[in-house]
Amino acid sequence: MSIHIGADSGQIAPYVLMPGDPLRAKWIAEHYLEDAKLYSDVRNMFGYTGTYKGLEVSVQGSGMGMPSFAIYGTELFNDFGVQTIVRVGSCGALNTDVKLRDVILASGACTDSGMNRLRFEGVDFAPIADFELLRTAYDVAAANKMPTHVGNILSSDSFYNDRAELTTRLTEYGVLAVEMEAAALYTLAAKYGRKALAICTVSDHVITGEATSSQEREQSFSDMIEVALETVLT
Ligand code: HPA
């Protein structure tokens, strides 16, 4: 048991997929894992362990934003010895070459978060993905002909903000999309010497204002889960 995860040691697999939404964790467990068992429902932030093609895999909701993500990520790495976390989430596109439903593999995550500024006392730490996971995920997505982009994203503390000029500048500097968790994941993986990757599907377009329907979100979410599971299996 850790403070926020009601599991016994050994109930969580070395490989964990983390969607923001705990109901997505349930959905992944029910649709993709065999013999999935709920190991925690503390705060309704569900976590399940089951098997995928014989490999033990867990799925744990993270909640939205870096403070919430960091609680679960820290406890998974520190209290449960988790070796690999793959975030499976959604993002808003910041680049017109990126289309709705495309998959983004975040090689790096810029952040406006105060968390890293406090942690590194003003030094701008660069949170990056594990290269092997990134390469494997890219190969899996390419083999399945999924429209995939690899590059920098922004992990922001705010979903709603008044920073149109900053957003434009980030686009000019090649930042592909915005979400709210990857920088915390990559920083924690660096702290604990573990592996991490954030995979996001584009749910909305910050520049064009387009958004996916709930049916499209479900389909693109499925594509992403398959990439994530095949990546940890490889
Ligand atoms: N901003 C932040 N996080 C997001 C967005 C967004 O536009 N879309 C999906 N996650």
Side-chain angles (χ1 to χ4, degrees), residues 17-25 27-28 45 59-73 85-117 127-129 137 141 146-188 196-225 227-228:
L17 265 55
M18 292 186 75
D21 180 353
L23 291 176
R24 288 288 191 186
W27 187 87
I28 295 167
M45 197 60 83
V59 200
Q60 170 68 55
S62 71
M64 287 183 281
M66 287 174 270
S68 180
F69 188 97
I71 287 172
Y72 298 99
I85 295 179
V86 178
R87 164 166 155 69
V88 283
S90 61
C91 63
L94 294 178
N95 185 306
T96 48
D97 291 339
V98 176
K99 309 292 179 207
L100 288 184
R101 294 188 50 187
D102 285 3
V103 173
I104 300 210
L105 305 174
S107 50
C110 313
T111 185
D112 57 14
S113 169
M115 292 177 76
N116 272 21
R117 225 154 275 149
I128 55 170
M146 291 176 195
T148 305
H149 308 262
V150 178
N152 221 346
I153 62 169
L154 171 69
S155 298
S156 179
D157 269 349
S158 49
F159 188 92
Y160 300 106
N161 61 63
D162 303 312
R163 297 181 309 201
E165 279 178 27
L166 174 60
T167 303
T168 304
R169 197 171 317 131
L170 290 168
T171 300
E172 287 167 0
Y173 278 70
V175 176
L176 298 175
V178 56
E179 51 82 83
M180 300 180 72
E181 292 83 15
L185 169 61
Y186 290 174
T187 303
L188 288 170
L197 176 65
I199 308 179
C200 296
T201 57
V202 177
S203 60
D204 53 275
H205 211 295
V206 176
I207 296 172
T208 66
E210 300 162 281
T212 46
S213 65
S214 56
Q215 200 184 1
E216 285 174 319
R217 276 200 295 278
E218 182 154 327
Q219 180 56 48
S220 52
F221 196 79
S222 305
D223 293 347
M224 174 175 58
I225 299 308
V227 173

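What's counted below: heavy atoms across the whole structure, side chains too, no hydrogens, waters or symmetry copies. Just follow the structure's listing: the first ligand is 1, and inside any ligand the first atom is 1. Please read these numbers as outputs of a predicted model, since none were measured by experiment.
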If you look at every heavy atom in Ala109 and Tyr186, which pair is closest and at what distance?
CB-CD1, 4.2 Å
Note: Ser156 and Arg163 closest approach over all heavy atoms is OG-NH2, 3.4 Å
Under 3.5 Å: donor-acceptor pair, side chain of Glu216, backbone of Ser203
no
Does Asp112 use its side chain to pair, donor to acceptor, with the backbone of Asp157 at less than 3.5 Å?
yes
So what's ligand 1 close to, N/O to N/O, under 3.5 Å?
residue	atom	partner	partner atom	Å
ligand 1	7 (O)	Asp204	OD2	3.1
ligand 1	8 (N)	Gly92	N	3.2
ligand 1	8 (N)	Asp204	OD1	2.8

Donor-acceptor side-chain pairing of Asn116 and Thr111 below 3.5 angstrom
no
Taking only distance into account, with no hydrogens and no angle test, what donor-acceptor pairs under 3.5 Å do side-chain atoms of residues 171-178 form with protein atoms, sequence neighbours excluded?
residue	atom	partner	partner atom	Å
Thr171	OG1	Leu94	O	2.7
Thr171	OG1	Thr167	O	3.1

